[in-house]
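Worksheet: the structure to be examined is printed underneath.
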Amino acid sequence: MAAAWVEETEDRWGDSAQWAQYAQRAARMTPEDWKATAAATETLNADLATAKRAGVTPGSDAANALAERHRAMISAYFDCTHAMQVCIGRMYVDDPGYAEYYDALAPGLTVWLREVISANAGARGVDPESARWE
């Protein structure tokens, strides 16, 4: 994990239970684990961009599968509920750094990913409009 990302993330969420869980899991990861995680993240991001460009519709089976892969990627670091993932999707859109990162992969990817995450969560009983970090 890039040192700048870790520092920024710890500044934002260092007091959270999720940060503590991340720190425990990260401490157990080997260099090979980090490489595998980075490769899986790159593959997921490429698949997200490809799906966006192909017009995959939020709420479709293909989009829901991508949302679940995204949630699993996050859950490698800390346990991530569907409601928490909705909050993360909102943050991606609201945070210029995240939006720039995802939109560089495919124009409009950030908003599309938020919609995919929200539709998937909705299909699993979470109201995306009222989802909270819990």
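This structure is a prediction, so every number in the text was calculated from the model and none was measured. For the single chain, residues carry numbers from 1 onward in sequence order.
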So, taking the atom named NE2 in His82 and the one named OG in Ser118, what distance separates them when rounded to the nearest 0.5 Å?
11.5 Å

Do Asp94 and Arg114 meet the salt-bridge criterion of a basic N to acidic O distance under 4.0 Å?
no

Validation row: Leu48, Leu105 side chains within 4.5 angstrom (heavy atoms):
no

Cationic N near anionic O, under 4.0 Å, Arg124 to Glu68
yes

I'd like to know if Asp33 pairs up with Arg28 as an ion pair, taking the criterion as any Lys NZ or Arg NE/NH1/NH2 lying under 4.0 Å from an Asp or Glu carboxylate oxygen.
no

I need the minimum non-hydrogen distance between Val111 and Val93, along with the two atoms involved.
CA-CG2, 4.0 Å

Separation between CD1 of Ile74 and CG of Asp79, rounded to the nearest 0.5 Å
12.0 Å

Rounded to the nearest 0.5 Å, how far does CE of Met84 lie from CZ of Arg71?
10.5 Å

Hey, are Lys35 and Glu32 close enough for a salt bridge, meaning a charged N less than 4.0 Å from a carboxylate O?
no

Identify the residue among Asp47, Leu44, Asn45 that makes a side chain to side chain contact (heavy atoms under 4.5 Å, CB included) with His70.
Leu44

Within the side chain of Trp112, is there an N or O that forms a donor-acceptor pair under 3.5 Å with the backbone of Val56?
yes

OH of Tyr101 to OG1 of Thr110, rounded to nearest 0.5 Å, is 10.5 Å

Quick one: side chain to side chain donor-acceptor pair (under 3.5 Å) pairs with a partner in residues 48-63, sequence neighbours left out?
none

Closest heavy-atom pair, Leu113 versus Tyr102, reported as atoms and distance to 0.1 Å, is CD2-CE2, 3.9 Å

What's the shortest heavy-atom distance between Tyr98 and Met91, and which atoms?
CE1-CE, 3.6 Å

For the residue pair Ala131 and Val86, what are the closest heavy atoms and their distance?
CB-CG1, 3.7 Å

Here the pair of heavy atoms bringing Ala119 nearest to Asn64 is C-OD1, 4.3 Å

Quick check: closest heavy atoms across Val116 and Ala63, and the distance to 0.1 Å?
CG1-O, 3.3 Å

